[in-house]
Each structure stands twice: as C-alpha cells, then as structure tokens.
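As the structure is a prediction and not an experimental result, all values here were calculated from the model. Just so it is clear, the values below take in all heavy atoms, side chains as well, and ignore hydrogens, waters and symmetry mates.
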Amino acid sequence: MSEPSDAGATLTKDVAPGADPSLAEQARRGPSKFWLLMPAGLALVIVLGAIGVRSDAQIAVLILVVIVSLVFDYTNGFHDAANAIATSVSTRALTPRAALLMAAVMNMVGALLGTEVAKTISEVIEPPDGLHGLTVVAAGVLGAITWNLITWFFGLPSSSSHALIGGVVGAGLASASLVHWQTVVDKVAVPMVVSPIVGFVLAYLVMIAILWIFRRAHPGKVSRRFRIAQTLSAASMALGHGLQDAQKTMGIIVLALVTTGHSDGEGVPLWVILSCAGALSLGTYAGGWRIMRTLGRKVIELDPPKGFAAEATASVVLYAAAYIWHAPISTTHTITSAIMGVGATKRLSAVRWGVAGNIVVAWILTMPAAALVAAVVYWLVHAFGA
C-alpha cells in the first residue's frame with residue numbers, strides 16, 4: 001500500500017502551476033519581502049530606544065526590551081525548528097505540518113520544565129542600573145537577532161544560544177559593564193566545545209549498537225518500526241529544545257527586570273515563563289525550512305534508524321546539560337554533530353564534510369559576529385539617546 005503523497009514530499013519540491021504554494025516554497029519566497037522590513041525594523045527599535053533613553057522613559061524602554069527579547073525568542077523558534085524535526089521529515093517518519101505542530105507543542109511543554117538555565121544567562125554580565133542597563137540588554141538581543149536572520153537566510157544552522165550570549169557579552173564590553181568571564185568559560189565555552197564532541201561520539205556508538213542488534217532483521221520491517229520510534233525521539237528533541245532555548249530568553253528578560261529594580265534575580269516570574277514559551281512555540285510553527293533542508297539532506301542521507309539515533313542522543317545531551325550542569329548548550333550544535341556521528345558509521349565519506357565545514361565556520365563566527373553587531377547597536381543608541 002502506497003504512502004500518502006504528502007508524506008513523501010521533499011522539502012525542495014516545485015509547486016505545480018496554479019497550486020497553493022507549499023511551506024518550502026513560501027520559505028523561498030519569504031526572504032525577498034522580509035529582508036526589506038528587517039533594516040527598517042532594526043532602525044525603528046534603535047530610534048525608539050534612543051528616544052526613550054533621552055526622555056528618561058524607563059518603563060517604556062523596559063517594555064521595548066521585553067518585546068525585542070520575545071522577537072528574538074520567535075526568531076529562535078523558526079531558526080531552530082529544524083533541530084527537532086529535520087530528521088523526521090527527511091526520513092518521512094512525519095509529514096512537515098504534523099512535525100511542526102508536534103515540535104511547537106513540545107517546545108511549549110519543555111519551556112515550562114525548569115529555570116536554571118535562565119539563571120545562568122542572567123548572570124553572564126552585570127549591566128548598570130536603570131536606563132543605561134536596559135540599553136546594554138537591548139543591544140545584546142538585537143545583535144543576536146541580526147545574526148540569527150543572517151544565518152537563517154543562508155540556511156546555516158548556527159547557534160541562537162551563542163548568538164544571544166555573544167550579543168550580551170559584546171554589549172557588556174562596549175558599555176564597560178562587568179562580564180563574569182568565569183561563568184562564560186564554565187557554562188558557555190566549555191559546553192560549546194564538549195557537547196558536539198559528546199553528541200558525535202555517543203550517536204556513533206548508539207548507531208553501532210542499533211546496527212548490531214538488528215543485523216539479521218528484515219530492512220523493511222526495521223525501517224517501519226524506527227519511523228514510529230522517530231516520532232517519539234523527535235518529540236523528545238523538541239522538548240529538550242524548549243527546555244534549553246526558552247530559558248535563555250527568560251534569563252535576558254530577568255536581567256532587564258533586575259536592572260530596573262523589578263526583580264531580585266532569584267526567580268523567573270510566571271508571565272515571563274509563559275510569554276517566552278509562547279513566542280518560541282509560535283516561531284517553531286512558522287518553520288525553518290532552509291535550515292531543515294541543510295540538516296535533513298545536505299549533511300548525510302538519513303534513514304529512520306539513523307534519524308532515531310541522532311535525535312535520541314541529542315535529547316540526552318540537552319537534558320543532562322539543563323538539569324545537571326545548568327549550562328545553556330546549543331541544540332543546533334548537538335543535533336548536527338549527532339547527525340554526523342550516525343553518518344560516520346557507514347563510512348567517513350558518507351558525511352558531506354564540505355557542508356559540515358561551512359556549519360563549523362558559522363559556529364566559530366557566531367559569538368564574535370553577534371558581539372560586534374551588539375556593540376554597534378549600543379554605541380548608536382548611547383550616542384543619540386544619552
């Protein structure tokens with residue numbers, strides 16, 4: 001019995017004349033319109049921030065910072081939607097729409113399961129009190145948003161987490177704020193290096209175990225069973241993404257509240273948790289088809305067992321980092337390295353190392369590029385507003 005046609009749809013399938021555009025086609029059309037709005041939106045936020053600083057409108061600037069942070073959360077969702085579902089869609093374990101809906105729901109659930117990562121993010125820098133501190137926080141988030149959009153446009157799965165941290169550190173340095181380098185090293189830099197290595201090695205070992213356990217099984221039956229299992233592993237991956245990434249935005253908003261005296265930094269208000277969870281889920285449902293194509297097809301050719309091994313491994317690493325080390329690791333780094341790990345079990349040449357190299361370059365550039373943009377935004381707002 002043949003599968004429904006939508007289950008086998010590729011992410012790059014052309015749209016028939018007169019037919020409704022697919023989600024992938026919408027993603028290809030979107031940037032030409034969206035990129036006309038991005039510079040205008042960025043300029044508007046800078047102008048509003050400068051006006052607020054000059055007029056000493058602290059509450060207005062705080063609201064603007066919260067809105068900008070939620071916009072980052074939204075871009076994080078559509079930028080990282082591929083992390084949870086690219087493997088499931090590419091192996092046809094889930095249809096694209098079903099996968100996106102599942103990922104959005106599980107992101108929402110994951111965002112409600114903890115706040116320790118948020119606390120880590122809020123302790124990266126100590127900005128000044130009041131309006132000056134709000135300017136620093138806003139500049140950091142804008143730097144992260146800009147880098148997210150650039151890498152999304154080119155289809156590179158860079159880390160939203162490291163873009164955010166790089167932006168905050170860049171704005172902190174530009175403003176001569178206190179940067180807690182020990183936290184940056186212990187909670188960011190070390191996990192940034194270790195998590196992809198662990199993901200690669202663990203995924204390789206899990207895939208070797210699967211190949212050995214099912215070595216005498218019928219390939220068709222194994223594939224069908226792992227497609228079912230992949231539904232669970234994709235949900236687990238989406239849960240881990242919500243657990244990690246929504247908390248990062250929570251930490252930024254808490255940092256803004258602390259600078260204005262609206263929070264002591266010891267906990268995360270419920271409204272912050274719910275708003276960050278909602279923004280991340282909405283962004284996820286908007287989809288990140290360009291990045292999904294990179295992860296799902298361009299790194300290796302995936303089948304259901306490989307997809308299950310990659311997702312299950314990445315989920316374990318995300319949970320361990322959040323609950324044991326309280327470290328804001330990158331879901332993008334983790335799942336990408338896991339995909340490479342399962343691909344290497346076939347042969348090293350099965351991994352398209354040229355594409356992998358481009359991804360690594362994006363990883364290396366993420367923190368300094370976001371930091372530079374954040375520093376420029378801070379100088380602009382500070383120059384015209386203060």
Side-chain angles (χ1 to χ4, degrees), residues 31 34-35 37-50 53 64-65 68-69 71-76 79-80 121-128 132-181 183-185 187-189 191-193 245 248-249 251-252 255-256 259 291 328 330 332-333 357-386:
F34 183 80
W35 279 85
L37 297 176
M38 192 193 77
L42 184 61
L44 178 62
V45 170
I46 293 174
V47 170
L48 289 176
V53 171
L64 181 64
V65 170
V68 169
S69 299
V71 169
F72 167 78
D73 207 21
Y74 181 86
T75 65
N76 191 347
H79 188 276
D80 289 1
I121 291 292
S122 67
E123 294 173 349
V124 170
I125 67 169
E126 282 187 26
H132 192 189
L134 288 177
T135 304
V136 175
V137 176
V141 178
L142 288 172
I145 291 174
T146 302
W147 185 250
N148 264 1
L149 294 173
I150 291 171
T151 52
W152 169 76
F153 181 79
F154 290 104
L156 294 175
S158 68
S159 169
S160 297
S161 309
H162 296 149
L164 181 60
I165 295 168
V168 170
V169 171
L173 292 174
S175 63
S177 299
L178 176 62
V179 178
H180 293 287
W181 291 110
T183 299
V184 173
V185 171
K187 299 291 187 178
V188 180
M192 179 176 70
V193 175
D245 286 50
K248 294 157 190 171
T249 306
I252 292 298
L255 186 60
T259 64
I291 296 170
S330 168
T332 306
H333 290 199
N358 292 337
I359 293 172
V360 171
V361 170
W363 289 356
I364 295 172
L365 290 177
T366 292
M367 290 187 71
L372 178 61
V373 174
V376 170
V377 171
Y378 168 78
W379 287 323
L380 287 173
V381 174
H382 192 64
F384 291 104

Testing the basics here: between Pro328 and Lys187, what is the closest heavy-atom pair and its distance to 0.1 Å? CD-O, 3.2 Å
Quick one, Val373 with Leu142, criterion side-chain contact (heavy atoms from CB on, under 4.5 Å). Give me CA distance, side-chain angles, the key distance, then yes/no. CA-CA 8 Å; Val373 174; Leu142 288 172; 6.0 Å; no
Where Phe72 and Ser160 come nearest, the two heavy atoms and their spacing: CZ-O, 3.6 Å
Do you know which two heavy atoms are closest between Glu123 and His180, and how far apart they sit? O-CD2, 3.0 Å
Measuring from atom OG of Ser161 to atom CE of Met367, what distance do you get when rounded to the nearest 0.5 angstrom? 10.5 Å
Flag the pair Thr259 / Pro128 as yes when at least one side-chain heavy-atom distance between them is below 4.5 Å, and no otherwise. no
Below 30° counts as parallel, above 60° as perpendicular, anything between as tilted: where do the rings of His333 and His162 land? perpendicular
Residues in side-chain hydrogen bond (donor to acceptor under 3.5 Å, both in side chains) contact with Thr249, at least two apart in sequence or another chain: Asp73
Mind checking whether Ile121 and Leu255 have side chains closer than 4.5 Å, heavy atoms only? no
Pairs under 3.5 angstrom only: tabulate donor-acceptor contacts from the side chains of residues 163-175 to other protein residues two or more places apart or in another chain.
from   : atom 1 : to     : atom 2 : distance (Å)
Ser175 : OG     : Ala171 : O      : 2.9
Ser175 : OG     : Gly172 : O      : 3.1
Ser175 : OG     : Ser177 : OG     : 2.7

In terms of heavy-atom contacts, Ser159 and Thr366 come closest through O-CG2, 3.5 Å
Give, for atom OG1 of Thr183 and atom CD1 of Ile125, the distance between the pair rounded to the nearest 0.5 Å. 11.5 Å
